[in-house]
Amino acid sequence: MKFTRVALLGLLLTTVLAPGCQSFLDKEPLGTTTQDNLFKDPTNAVQAINAVYDVAAWDQGPKWGDPSGEYVPQTYEWMFGDLMTDDSEKGGSSPSDFLPLIELKSWNIPPSNGPVTTLWVHSFTGIARANTVINNVDAGTIDAALKARLKGEALFLRAYFYFNLVKGFGGVPLFEKTPTPTEAPNVTRATIAQTYAFIEKDLKEAATLLPEKSAYPAADLGRATKGAAIGYLARAIMYQLGTVNGNNHTWQEVYDLTSTIINSGQYSLLANYAAIHQDIGENSSESLFEIQFGSSNDTYGPISIGTTNNIFQNNRRTFGYGFNNPTQNLVDEFESNDPRLEVTVIKNNDIVLGVLNPVDLTQNATGYFNRKAAILAPNAPESGPQNIRKLRYADILLMKAEAAAQLNRSAEAVTLVNQVRQRARMSTRPPGTRLGTLSYDPANTPAGTLPDLSPGLSGQALLNAIWHERRVEFGEESLRLWDLIRTGRYMATLLPDVRGRAMSHLAMESSVNPFPLLPISLNDAQSWKLPQNPGY
């Protein structure tokens, strides 16, 4: 069971942060719920935090706060984390389908690019809503324990939105409260290090306020937890270690944070890898954080409790649009007989969830589709109910393994990686590999598949093995771009002309590894008087 996201009307009307449209900032909310009484009632207070989660689930929709009703198009993390790497090609109905994805893939990105603009707009909308909770909940009269939890959830979500921004855009304006009309045009960009410091502060405070996962009742599974806050803190530090490390972090911090999660006893690897992305795997023992979705008949836009994520990635011969096609390069990364390969990709004439999936190469770039996003056709194409996994326990194990390897604790690193490999080789086939069935058939994996790493493995060979394990374990889960960037391998994966364009957009701050930045939406850069990123 998962909690229901609710968009509270008063909150919608008072916490939208849309640059260039400042009149909303000084309007009184309509209806009876206001910021003055929002946190005097526990139902309203919970709806307030649910409205922050709601933004994290938005695929597309109106640009909130814009009186002209500007519509922002689709954005999904796979458009960056998978598509802009060697793991994925665009796909779609033809090579020219969906120009903004071609722009992303080729690093020929104008400031008007739709997915980039939507990422910026939705992130700041979520930050504004989180600030409403953070800045008002302490004065409320609701139960103290609920008050602390809601503030912790809001701090976690504000950090989540800012983490998505800093990875793509670099340093951004930092808002601890909604700016007044006179303040809005005079905001400034923080540095990358300052933005990360802000994120870390929020995550550390969130970790002190949030309960462990086991403390939530079933109806609240999916909410932010202490483990999620600590996990994202480890992820943010690990990313800084390979990019702009202006906050002087160390691998010991990543090691200690991931150890805290492991020692909490709150999480474990789901026994069957093939079930992770299925209904049975939602909010499972492996899940530290995932975006919650449900079934509905709503169509496009933020009003939906479902997602369009699935329709964009599913086979055009079934019910999808056919984007985000896994590459042969990714397929070749899997070791012989690794059950995770079949769980990750669909090839021609595979049976998926009991349905035949022919791959039409006139509507596919590689011959493969992403099986992790495959679902049965929902009630409405825009209402996919599948949760999107954002942080799994396997990632905690592999982050600690990488930290251990960097700290010359090679044997410990090997043991951690082997836990992930051992689970993988015990996986069944994905559900529904026979027509008309949804059963998990045995994979009949041959003996000797995915052998344990050698206890003596160390140095660069061990790091290479960990990076390999991350690629196949999290294939098509939108982590590839950030792993390549933070380990200094990204530029080498790009074609020469694409690399040249990416190099023209490099972050200017001193960095362990060079990395390119996305453009800030032209309207927002001008309205907020922000300096544009290099090369745009």
Mind checking the CD1-CG spacing from I375 to N314? Nearest 0.5 Å is all I need.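 If we round to the nearest 0.5 Å, I375:CD1 and N314:CG are 6.5 Å apart.
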Supply the atom-to-atom distance S287 OG to L391 CG, rounded to the nearest 0.5 angstrom.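 Going from the OG atom of S287 to the CG atom of L391 covers 8.0 Å.
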[X] side chain to [Y] main-chain N or O, any donor-acceptor pair under 3.5 Å?
X: S511; Y: T243; result: yes
X: E89; Y: P326; result: no
X: E290; Y: N283; result: yes
X: K105; Y: V498; result: no
X: Y53; Y: I291; result: no

Could you pull out all residues at least two apart from [X] that satisfy side chain to side chain donor-acceptor pair (under 3.5 Å)?
X: E205; answer: none
X: R235; answer: D395
X: S285; answer: S268
X: R499; answer: none

Run the ring-ring contact (aromatic ring centres under 6.0 Å, His included) test against [X] and tell me which residues pass, sequence neighbours left out.
X: H249; answer: none
X: F169; answer: W120
X: F198; answer: Y162

Considering the options I466, L397, L457, which one meets the side-chain contact (heavy atoms from CB on, under 4.5 Å) requirement together with V417?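 Single pass found, and it is I466.
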Exactly one of V116, L119, T117 clears side-chain contact (heavy atoms from CB on, under 4.5 Å) with T75, and that residue is L119
Hey, does the Lys NZ or Arg CZ of K213 hover above the aromatic six-ring of Y267, less than 6.0 Å from the centre and inside 45° of the axis?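 Negative - K213 is either too far from the ring of Y267 or too far off its axis.
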Does K167 make a cation-pi contact with F163 (under 6.0 Å, within 45 degrees of the axis)?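 Yes, K167 and F163 form such a contact.
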Please list, chain by chain and in numerical order, all residues satisfying side chain to side chain contact (heavy atoms under 4.5 Å, CB included) with I102, sequence neighbours excluded. K90, L99
Just to verify, what does S214 make a side chain to side chain contact (heavy atoms under 4.5 Å, CB included) with, not counting sequence neighbours?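 E212, Q266.
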What residues, two or more places apart in sequence or in another chain, satisfy salt bridge (charged side-chain N to carboxylate O under 4.0 Å, His left out) together with D338? R340
Quick one: salt bridge (charged side-chain N to carboxylate O under 4.0 Å, His left out) partners of D452, sequence neighbours excluded?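 R425.
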Quick test of your reading: applying ring pair (Phe, Tyr, Trp, His ring centres under 6.0 Å), list the pairs with at least one residue in residues 272-292, sequence neighbours left out, ordered by first then second residue. F156-F289, Y160-F289
Residues K347 and D350 bridged, charged N to O under 4.0 Å: yes
